[in-house]
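See structure below.
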4 protein chains.
Amino acid sequence: MDPISQLADLFQRFPGIGPRQAKRFVYFLLRQNGGYIRELTHGMQELQSRIARCAGCRRYFTNAHNAAAQECAICGDSARDSALLMVVEKDVDIEAIEKSGSFNGRYFVLGGTISVLEKEPEKRIAANELFRAISERAQHSALKEIILALSLNEGGETTAAWLRSQLAPLVREHALTISSLGRGLSTGLELEYSDVDTIQNALHSRVQDSETHHRE
Amino acid sequence: MDPISQLADLFQRFPGIGPRQAKRFVYFLLRQNGGYIRELTHGMQELQSRIARCAGCRRYFTNAHNAAAQECAICGDSARDSALLMVVEKDVDIEAIEKSGSFNGRYFVLGGTISVLEKEPEKRIAANELFRAISERAQHSALKEIILALSLNEGGETTAAWLRSQLAPLVREHALTISSLGRGLSTGLELEYSDVDTIQNALHSRVQDSETHHRE
Amino acid sequence: MDPISQLADLFQRFPGIGPRQAKRFVYFLLRQNGGYIRELTHGMQELQSRIARCAGCRRYFTNAHNAAAQECAICGDSARDSALLMVVEKDVDIEAIEKSGSFNGRYFVLGGTISVLEKEPEKRIAANELFRAISERAQHSALKEIILALSLNEGGETTAAWLRSQLAPLVREHALTISSLGRGLSTGLELEYSDVDTIQNALHSRVQDSETHHRE
Amino acid sequence: MDPISQLADLFQRFPGIGPRQAKRFVYFLLRQNGGYIRELTHGMQELQSRIARCAGCRRYFTNAHNAAAQECAICGDSARDSALLMVVEKDVDIEAIEKSGSFNGRYFVLGGTISVLEKEPEKRIAANELFRAISERAQHSALKEIILALSLNEGGETTAAWLRSQLAPLVREHALTISSLGRGLSTGLELEYSDVDTIQNALHSRVQDSETHHRE
């Protein structure tokens, strides 16, 4: 096979990329100068040599200053609250949460979700690693609450339900609390298109104006 | 103009209907038997004679049993809580809320939203009618809380902000509370695509599992 | 059932209209004044009384001047070429062709297309009526060519193939020609996304610039 | 900047890739084993060393057997008809035409299209190279016809019009013909949605059934 088709085949494995766009990538690269392609191949090699998976939360991090470091900046930050452990699906979820500036606890990246029919959940998501992390932290640190911050879709809810059942003994043993993110209206949503669950939660968790004045 | 184009022009005023679909409606009607068209014209005439706008909440209701009735079933139901008044944009929002079964107060239909540039908001939405309703109910009944249940988009938020400023004197005079629906993750939403506001609210209003057991 | 739901149910039978939009139509009508609804019901009644199906081409036409007229303006126009009969799927196709100003023959509306699995094609499309029309016109007028102007999709091509086989005896008996619209690049199309058939036809029917000058 | 963001930035330059998908590419690569990344970087380096631009038609080709080759397989094939030169926008267009098996002439890749406002068309597309190629081939080989096989959209039509005006002297001098691909119905198209141009061309280039029998 010629180099164009060969490289297009490799690009086709990229998430969301079909044969047509894969080929377009190759022709795009053909039109670039050598500098850009060198940056690209260098960047890929850097991924392998400089990015490590955090031993604490399992997210990928840049092993910048110290080749021996095993923990990411968040896991290594003693100022963060070890009583809270937020379980997320993937690395970018952490970025979204951090950007909101509203969480100061610890994270754990599951690496995906499971479906109802999944026979071996432990092979699809880092469940055993999570159980071990919870067990250790409950014993040695101040872990109090596990926040299941999973997506509100089928995969996320199946995973949350399965984790709850699996975590039950640990929760009981260490007097932990499991919580989940509050449901309600998301930005952009119209009431008319909201489902019963969302409306119930939005009503239940309605917020009173703090500036509302009461008659003395 | 011929009857086909004439009727197509009228259908084009229907919300979301362009010239092509308007014409398709006409050809669809041409293929129907007389019975269906009679039902349709009868149904439209019934709208005018049997549907009235509720004097209480401004939504449309079927004036079924009593031609003199001026109030819809919800407004006429003495078992509902008059302390709560939920302000919505349109009739279908009431249907969505009622389906959730989580609200037992009163409603008021604004009839739309306003934009930032709106010069005469009172002409676009039933604002004056709302102020009057709040004033009367605060005096004569037990009104305590006004829930602004508007969409979380630009129109809804502009309208809510404007209503808050306009309602300030009434709120102070009658010691009322203004609240809004809880924000958080909506069904179907992925964390990765949530904005900062939604994540902040989802974290703030996170729910602890009630079945979580604590060590005795 | 209340008038709102009743009318929404009727609107749901309109082509392409789901329950949500059907309801939106009803609320839209509720907000209109009586004049618009009277125009709408009048327009629908007019459809029934003033629109007839042409005895010649089967399209719907306004029986404006003469209640006894059985033919549309095109069928009644003696200046049009009776040697050409274009078979189309639906009335709006005739409008598209007439707008192009490039056809001066006669039309016949099939009223739809058939699928490969169709057991009784004569019940889904006006096939028997077409065969009768062709037979009569081949005997009494100058019919020479039948142009199958059907869509280039599965339904159109299945219908064209079936008509060709059914028309074979008539074609032989009356020395008729069957033709179909030229295939090639349509406006807006990119070569990259064209299928083999389209490219073959586009190449085969390529057009030389008339203004191109040759050396003497 | 960390290697993840750095590589995501490079992927963002890929055609059609936004920041979110660029990041997803990086996390996808992080989950792959070293073998796949080595294949990918090797494939990119191969592009630079083994793919050359054909001196004849300007498309990219694999310089497989002979490092000194300057022409692609099509340009080097003496069996192809040098009287026909098809001008296309990009390499993949040649693939589409070759797959149709209906063209046996030569190609020239413009490398893009120009817009009406383009001030220096020669810098955006290989126009000067095309003029030179036509001039040489008209003198030394049997070039007779230039087929402008450009997309039927604004860019393609602007480019075709500009090329026609620029080519006029050459066309006159060498008694060349300029042609363009036949227009008509494309596969999948419905008559109802066809524009006037397409219908006119489809009617003009209608095809008579070859199997239609005439009465003897």
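The sequence lines fix the lettering, A, B, ..., with proteins before strands; numbering per chain opens at 1.
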- Message: Please classify the contact between Leu84(D) and chain C as side chain, backbone, both or neither, with a heavy-atom cut-off of under 4.5 Å.
- Response: side chain
- Query: Is any side-chain heavy atom of Gln208(D) closer than 4.5 Å to a side-chain heavy atom of Ile178(C)?
  - Reply: no
- Test item: Val171(D) and Asp209(C) side chains (from C-beta on) under 4.5 Å apart, heavy atoms: no
- Considering only heavy atoms and a distance below 4.5 Å, find which of Met86(D), Glu192(D), Arg206(D) pairs most often with chain C. Arg206(D)
- Item | Leading residue by heavy atom contact count with chain C [cutoff under 4.5 Å; candidates Asn153(D), Leu148(D), Asp93(D)] | Asp93(D)
- Looking at Asn201(D), Asp197(D), Thr198(D), which makes the most heavy-atom pairs under 4.5 Å with chain C? Thr198(D)
- What part of Ile147(D) lies closer than 4.5 angstrom to a heavy atom of chain C: side chain, backbone, both or neither? side chain
- Heavy-atom closest pair, residues Ile199(C) and Ala96(D): CD1-O, 3.6 Å
- Toward chain D, the part of Val92(C) with a non-hydrogen atom under 4.5 Å: side chain
- Note on the structure: Honestly, the part of Glu154(D) sitting under 4.5 Å from a heavy atom of chain C is neither
- Note: vs chain C, highest number of non-hydrogen pairs under 4.5 angstrom among Val196(D), Leu167(D), Leu181(D) is Leu181(D)
- Task: Before accepting this row, confirm whether a basic side-chain N of the pair Glu145(C)/Arg106(C) lies closer than 4.0 Å to the acidic partner's carboxylate O.
- Result: no
- Item | Trp162(D) and Phe131(D) aromatic ring geometry - parallel, tilted or perpendicular at 30°/60° bounds | tilted
- Give the ring-plane orientation class for Phe11(D) versus Phe25(D), where under 30° counts as parallel, over 60° as perpendicular and anything between as tilted. perpendicular
- Query: Looking at Ile97(D), Leu185(D), Ile94(D), which makes the most heavy-atom pairs under 4.5 Å with chain C?
  - Reply: Leu185(D)
- Message: Within the 4.5 Å heavy-atom criterion, are Phe28(C) and Gln32(C) side-chain neighbours or not?
- Response: yes
